[in-house]
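This report refers to the structure that appears directly beneath it.
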Amino acid sequence: MRKKSLAVAAGVASLALTASIASADTLSNIKSKGFLQCGVNVALAGFSASDDKGQWTGLDVDFCRAVAAAVFGDPSKVKFTGLTAKDRFTALQSGEIDVLSRNTTWTVSRDTSLGISFVGVMYYDGQGFMINARKLPDVKSVKQLSGAVICVAAGTTTELNLADYFKANKIDYTPVVFDTLEEATAAYNAGRCDAFTNDQSGLYAARLQTSSPKDYVVLPEIISKEPLGPAVRQGDAKWLNIVKWTYFALLDAEEAGINRSNVDEMKGSSNPDIKRILGTEAGTKIGTDLGLSNDWVVNIVKATGNYGEIFERNLGSGSPLNISRGVNALWTKGGIQYGVPIR
Amino acid sequence: MSQEVVLDVAPTKASPFYDPKLRSIVVQVAIVVLLVFGLWWISDNTIENLRRSNIPTGFEFLNSRSGFEIPDRLIDYSSESSYGRALLVGIVNTVRVAVLGIIVATIVGFVVGVGRLSSNWMIRKLATIYILVFRNVPLLLVILFWYQGVLALLPNVRSSLALPFGSYLNNRGLYLPRLIWSQGAWLIIAGLMVAIGLSWYVARKAHARQMATGLQLPVFWVSVALLIGFPLLGCVLAGFPMTVEFPQKGTFLLTGGLDVKPEFLSLLLALSFYTAAFIAEIVRAGIQGVPKGQAEAYSSLGIRPGQGLRLVIIPQALRIIIPLLTSQYLNLTKNSSLAVAVGYADLYAVGGTILNQTGRAIEVVVLFMAVYLGLSILISLVMNWFNVKLALRQR
């Protein structure tokens with residue numbers, strides 16, 4: 001609690017006291033301090049979590065590493081700030097972090113009223129519900145949750161969707177709102193609520209933390225669109241471009257079949273598309289125009305692999321979550337992840 | 001002319017630089033100017049920074065639709081209500097837990113404080129252990145202890161503990177029967193009003209009589225009889241205008257009746273028991289702060305110990321206790337913001353949600369400060385009034 005209040009207080013204080021926080025040139029700031037400061041979730045398996053050695057892993061974490069690799073050519077030049085849903089925007093607004101990569105839903109009001117810009121969608125998600133099938137064997141649908149007590153984390157779009165969905169379907173419910181996802185999960189596990197609602201990916205993660213994951217069922221309804229993506233402060237188009245194109249580079253690399261193990265080999269490719277992406281085209285200026293080096297995509301892919309590799313490692317077959325690509329597959333494979341061309 | 005004369009006759013007058021009056025004025029003006037400039041600089045800088053970061057400012061967001069639900073509330077509210085209304089729900093919830101907490105903490109604190117001075121070894125030691133434990137454990141842990149350690153371990157809805165009078169206790173809270181008033185209920189309130197008026201009158205008369213003749217009347221018992229009798233009379237006259245609604249078991253939970261949620265209960269218990277430990281020590285200090293001679297004096301006048309405690313010791317002890325009690329009340333009110341740990345919808349929790357949904361960090365933090373400051377000033381004013389009333393009057 002203390003820490004969180006402090007973070008908000010520090011954010012407000014820095015908005016009030018610093019002569020100019022939205023320093024126009026984020027890139028040179030980062031270069032002069034020698035590392036990228038990235039805001040991530042405190043603990044959400046698959047997206048960002050730190051182990052007992054303080055090593056961070058996850059989809060959102062790897063995106064930060066990809067940006068660091070693009071800027072410095074070195075994915076280790078990044079420091080992580082664990083943020084709750086409540087602190088995240090203040091931390092970005094006040095300049096405490098350079099990139100917010102914390103499973104944050106992209107909405108129009110966030111783009112317009114928070115002074116931040118979203119750069120893309122790292123994970124297309126939707127809100128779902130989880131119940132304990134052993135305690136509630138008859139419940140097969142969200143519509144049967146009339147009168148239920150539902151645990152939810154504060155200050156999220158989840159909380160708003162919940163109210164809207166139950167209102168639209170005229171179902172009674174009692175929300176119990178917790179400050180952080182961990183508290184909500186803990187209370188749900190303690191039996192305070194009948195159901196737990198969150199983005200579906202978060203539900204799978206929460207299920208792994210229960211004592212008997214097999215007993216828990218994620219109900220079929222998806223009640224919202226949750227495009228989760230990274231965001232940066234407004235007012236620095238150059239920095240926005242770097243973060244945005246890091247995201248597209250991850251997708252384009254996957255589409256072009258460039259991965260961690262073959263990237264060096266691919267540098268010798270004669271395919272003009274791949275040459276453009278990897279900056280081996282003669283006289284190319286794509287990387288330097290972005291403010292980076294021309295081999296920026298090489299650095300990114302060497303550091304984290306392409307989007308597909310990041311996904312499988314953290315959420316997919318290489319992780320205990322075992323989530324299928326689904327809509328997050330490339331557009332060429334039936335999904336909606338679409339890398340804007342690098343040319 | 002005259003000026004010259006003055007200068008001539010008062011050559012010893014020091015330069016204005018050493019004039020204490022002038023100096024103090026200059027210093028005070030300088031401080032005010034610096035303060036105003038400082039505030040202006042901070043607010044101007046803030047507004048400029050926000051504008052440059054494309055973050056809108058102002059309080060008009062309080063009128064927009066909130067879109068989230070608050071389960072535990074005393075006033076009407078739904079997701080269609082405004083952010084302002086949501087904040088009001090939070091403020092009311094903060095006041096509710098603070099007021100009830102202050103009452104419970106004061107009662108428990110006084111009992112334990114007096115218990116600590118008891119001549120009974122067992123009571124004395126129990127009170128000491130209570131203070132030792134609760135005063136030395138962080139409040140957040142006390143709250144989590146009640147929430148996760150006590151209330152979460154209660155049985156689930158289907159195997160609720162049945163309590164007397166149709167009440168139930170389970171891990172979703174405490175369910176009590178609720179009285180539903182119907183027409184004619186105003187007669188009961190009217191009866192209560194009349195009883196209060198009469199009690200006050202009786203007390204005054206009895207006091208005047210004691211002053212005049214030295215005879216004491218049983219004021220306490222008369223008042224009790226009045227306060228019970230008149231509302232009861234009103235109740236009978238109106239033909240018992242109330243029905244009792246008992247909690248019923250539903251699919252997921254008990255419906256009907258009055259449900260006290262575990263979030264509220266754990267916060268209230270934690271705040272009360274924690275603050276009570278401090279109040280107990282203040283009460284003990286207050287009683288021990290009254291000189292021993294006072295007790296000897298009333299004994300020698302033939303006043304019984306119980307009466308002496310009530311008429312001689314406590315009034316003097318209160319003068320020591322009240323100012324310290326005020327800071328405990330302020331602490332309790334501000335500590336209620338720890339509600340956020342257990343999901344109770346107090347001002348801080350609701351405000352936090354609003355902050356996150358709207359991104360208006362500065363405005364919401366300003367509102368937080370204003371409300372807590374207002375509540376604290378209110379408590380201080382009431383307690384100061386009480387303190388002045390109890391102060392020694394020079395006659």
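Residue numbers start from 1 in every chain, and the chains themselves are labelled A, B, ... in the order their sequence lines are given, proteins ahead of strands.
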(message) Please rank A:Ala187, A:Ala163, A:Cys151 by heavy-atom pairs under 4.5 Å with chain B and give me the top one.
(response) A:Ala163
Contact class of [X] relative to chain A, heavy atoms under 4.5 angstrom:
X        : value
B:Ser337 : neither
B:Val342 : backbone
B:Arg65  : side chain
B:Tyr147 : side chain

(message) Under the salt bridge (charged side-chain N to carboxylate O under 4.0 Å, His left out) definition, can you give me all pairs with a residue in residues 140-151 of chain B, not counting sequence neighbours?
(response) none
(message) Tell me which pairs pass salt bridge (charged side-chain N to carboxylate O under 4.0 Å, His left out) where either residue lies in residues 342-368 of chain B, with sequence neighbours left out.
(response) B:Glu60-B:Arg360
(request) Considering only NZ, NE, NH1 and NH2 on the basic side and carboxylate oxygens on the acidic side, decide whether A:Arg192 and B:Glu263 come within less than 4.0 Å. (result) yes
(request) Answer yes or no for A:Arg102 and A:Phe89: cation-pi contact, defined as NZ/CZ to six-membered ring centre under 6.0 Å and angle to ring axis within 45°. (result) no
(message) Parallel, tilted or perpendicular, judged at 30° and 60°: which one describes the rings of A:Phe47 and A:Tyr123?
(response)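 It falls in the perpendicular class, over 60°.
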At a heavy-atom separation under 4.5 Å, does [X] approach chain B through its side chain, its backbone, both, or neither?
X        : value
A:Ser113 : both
A:Phe166 : neither
A:Cys193 : backbone

(message) Do A:Ser146 and A:Asp172 pair up side chain to side chain, a donor and an acceptor below 3.5 Å, judged on atom types alone?
(response)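 Distance-only check fails for A:Ser146 and A:Asp172.
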